[in-house]
Amino acid sequence: MAETQQLAKETSENNTVTLIDNATGKQVTMPVLDGTEGPRVIDIRKLYQETGMFTFDPGFTSTGSCESGLTFIDGDVGTLMHCGYSIDELAEKSDFLEVCYLLLNGELPNKAQMEEFEYAITRHSMIHEQLHSFYHGFRRDAHPMAIMVGVVGALSAFYHDSTDIRDEHQRMIASRRLIAKMPTIAAWAYKYSIGQPMIYPRNDLNYAENFLHMIQATPCENYEVNPILARAMDRIFILHADHEQNASTSTVRLAGSSQANPFACIAAGIACLWGPAHGGANEAVLKMLDEIGSKDRVGSYIKRAKDKDDPFRLMGFGHRVYKNYDPRAKVMRETCHEVLDFLGIKDEPYLDLAMDLERIATEDEYFVEKKLYPNVDFYSGIILRAMGFPTTMFTVIFALARTVGWIAQWKEMIEDPVQKIGRPRQLYNGYSHRPYVPLDQRG
Ligand code: CMC
């Protein structure tokens, strides 16, 4: 990672852009930085100091908020890489814990490193027994994402020995604890919602198997984890592991920039992920397919999605960065077919509807012109539903898998020597100063 940052600086030396204020004729020259990949970046850090002006970029459509060596997306081509490795290759050849190691350390592990990491994650999967009682404070019908925000936030009240963010060892322990405990926390949120006993993790199972075991097993009988479904689960985790500076990751970074503890920061990320414009879209896709109901109604929903006066949007379509097919959606669609074939599901009405919707939308002028393609959330819900998960668990699974991305980005930020508290400015459009009017004199 240090190497990447070095490269970025070396190639930028003679690159500048000059901004002219047409009102005063004043010019200001700013450096342009080149990363190892991606668009060039104007370094505006001295802009306010030199001109007294801020930039205005609601939604951060033209703003790079940090330097990062973890994930690169080429939205025009539709590619995604973690530390240089393409997502297709990782989904095919790697497994989730190896991807976790890669994101946390910047390199793939050797055999001994992998064994140590797997051992550590497997043996940190239990949560403090007192957290068990914490669940009982929630209503049974609470959305499991609400439980996730609460329980993950509460980890900071249980693991005081890994909240000192200046201590490298504590940062490592907190990262591993979060990755290890998230499946248990997520599975227990589910078990609580259906009134079944919580199932403890098992050290003889791998990460994905263990999650499925804690979701599907009951104390009454032996439960055998299906290896094909466990592999599909693992691939879903890989596809969600990290995604550059998206809304929830930026939330985690912003929360962490105030030096808040890592558990609190991840809870903030979970809260942000929940929204339907972000991770909540996988749940929203199934709700939408449910509402559409049959193929003959697809056309009318496409029409609604194009209507400026209708707030309806095609869920699972469109992306801020991808202006091409989301590479994760491609793998997700293949996995979807594999899982349905394996489960012997011949006619899955949701899949038929989704494929019809995709075909019509990708041929429609509106979607073609705006470059709106299926994103990662479009097919994931159909797989998860076929595997027996209720829709309310879809975003929880996204949060579980994204935890590694959040914590790796948080760690990268804390270790960045130029890190500062995140503090954007604004274009104020309220009243200028006015005198206070006492209550009895107001109209
Ligand atoms: N259906 C219909 N029109 C759309 C859609 C859609 N799904 N997405 C974007 N548009 C239109 C939008 O109306 C706008 O049109 P115009 O230029 O005429 O005003 C144009 O496309 C650009 O959209 P935008 O909202 O300015 O783009 P954005 O980058 O701010 O939003 C998005 C990206 C993902 C929030 C948006 O595409 C969307 O709401 N999609 C549906 C929700 C969804 O699937 N979210 C999951 C994203 S991927 C996983 C994740 O991030 O967690």
Side-chain angles (χ1 to χ4, degrees), residues 1-13 15 31-45 60 62-91 93-94 96-110 113-114 117 165-166 168 171-172 174-176 178-179 238-257 262 265-266 269 320-322 327-328 401-420 422:
M1 238 150 282
E3 209 179 293
T4 313
Q5 289 171 0
Q6 188 59 34
L7 202 59
K9 278 170 192 124
E10 270 169 18
T11 52
S12 70
E13 259 167 26
N15 298 334
V32 177
L33 308 176
D34 288 289
T36 48
E37 297 277 353
R40 308 176 76 208
V41 172
I42 307 171
D43 180 351
I44 58 162
R45 277 175 288 185
F60 311 122
S62 299
T63 296
S65 59
C66 60
E67 263 187 79
S68 179
L70 298 176
T71 293
F72 175 71
I73 303 171
D74 187 329
D76 293 324
V77 181
T79 52
L80 164 65
M81 296 187 303
H82 296 314
C83 308
Y85 299 101
S86 80
I87 192 67
D88 315 63
E89 215 177 350
L90 291 172
K93 299 177 185 165
S94 184
F96 181 65
L97 278 196
E98 191 179 59
V99 173
C100 289
Y101 185 98
L102 175 68
L103 287 167
L104 288 175
N105 298 284
E107 295 294 340
L108 287 170
N110 63 27
Q113 288 165 332
M114 191 63 222
F117 187 65
I165 65 156
R166 296 283 155 226
E168 189 182 348
R171 288 200 297 272
M172 190 264 284
S175 309
R176 290 179 169 202
L178 276 156
I179 294 166
I238 294 175
L239 295 176
H240 287 95
D242 190 41
H243 211 231
E244 212 226 57
Q245 307 310 319
N246 57 83
S248 56
T249 301
S250 298
T251 301
V252 169
R253 278 188 179 256
L254 197 54
S257 78
C265 297
I266 301 303
R320 170 63 61 80
V321 185
Y322 293 118
R328 302 167 302 168
R402 181 55 58 86
T403 295
V404 64
W406 288 330
I407 202 70
Q409 299 260 0
W410 170 84
K411 203 166 127 322
E412 187 184 51
M413 179 192 70
I414 301 290
E415 290 165 8
D416 184 344
V418 302
Q419 186 263 324
K420 281 173 180 289

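Quick caveat: nothing in here was measured; it's all calculated off a predicted structure. Numbers here simply count residues along the sequence, with the first being 1.
Between Arg402 and Asn246 the shortest side-chain heavy-atom distance falls below 4.5 Å. Side-chain atoms of Ile407 and Ile266, non-hydrogen and from C-beta on, do get closer than 4.5 Å to each other. Between Arg328 and Leu80, some side-chain heavy-atom pair lies under the 4.5 Å cut-off. Using a 4.5 Å cut-off on side-chain heavy atoms (C-beta onward), Phe60 and Ser250 make no contact.
Under the side chain to side chain contact (heavy atoms under 4.5 Å, CB included) criterion, Glu415 pairs with Arg171, Lys411, not counting sequence neighbours. Partners of Ser65 under the side chain to side chain contact (heavy atoms under 4.5 Å, CB included) rule, at least two apart in sequence or in another chain, are Gln245. Applying the ring pair (Phe, Tyr, Trp, His ring centres under 6.0 Å) rule to His82 yields no partners; only residues at least two apart in sequence or on another chain are considered. The side chain to side chain contact (heavy atoms under 4.5 Å, CB included) check on Phe72 picks up Glu37, Asp74, Met81, with sequence neighbours excluded. Residues satisfying the side chain to side chain contact (heavy atoms under 4.5 Å, CB included) test with Glu98, not counting sequence neighbours, are Ser94, Asp95, Leu108, Pro109, Met114.
The structure places SG of Cys66 at 11.5 Å from CG of Leu254, a figure rounded to the nearest 0.5 Å. Atoms CD and SG, from Gln409 and Cys265 in turn, are 13.0 Å apart once rounded to the nearest 0.5 Å. Within the model, atoms SG of Cys83 and CG of Asp242 stand 8.5 Å from one another, a figure rounded to the nearest 0.5 Å. How far CZ of Phe96 is from CD1 of Ile179: 6.5 Å, rounded to the nearest 0.5 Å. Between Ile73 atom CD1 and Glu244 atom CD the span is 4.5 Å, to the nearest 0.5 Å. For the atom pair Trp406 CH2 and Leu103 CG, the distance stands at 13.5 Å (nearest 0.5 Å).
Using the six-membered ring where Trp is involved, Tyr101 and Phe117 have ring planes that are perpendicular, over 60° apart on the 30 and 60° scheme.
Here the shortest heavy-atom pairing between Gly422 and Ser257 reads N-OG, 2.8 Å. The two atoms that bring Ser175 and Leu104 nearest to each other are CB-CD2, 4.1 Å, heavy atoms only. When all heavy atoms of Val404 and Cys100 are compared, the pair lying nearest together is CG2-CA, 3.6 Å.
Remark: side-chain polar atoms of Glu412 are paired, donor with acceptor, to backbone N or O of Gly69 under 3.5 angstrom.
For Glu107, the CD atom sits in a loose shell: 12 or fewer heavy atoms of surrounding residues, nucleotides or ligands are nearer than 6.0 Å.
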Without placing hydrogens or testing angles, list every side-chain donor-acceptor pair under 3.5 Å for residues 84-91, not counting sequence neighbours.
residue	atom	partner	partner atom	Å
Ser86	OG	Glu89	N	3.3
Glu89	OE2	Lys93	NZ	2.9

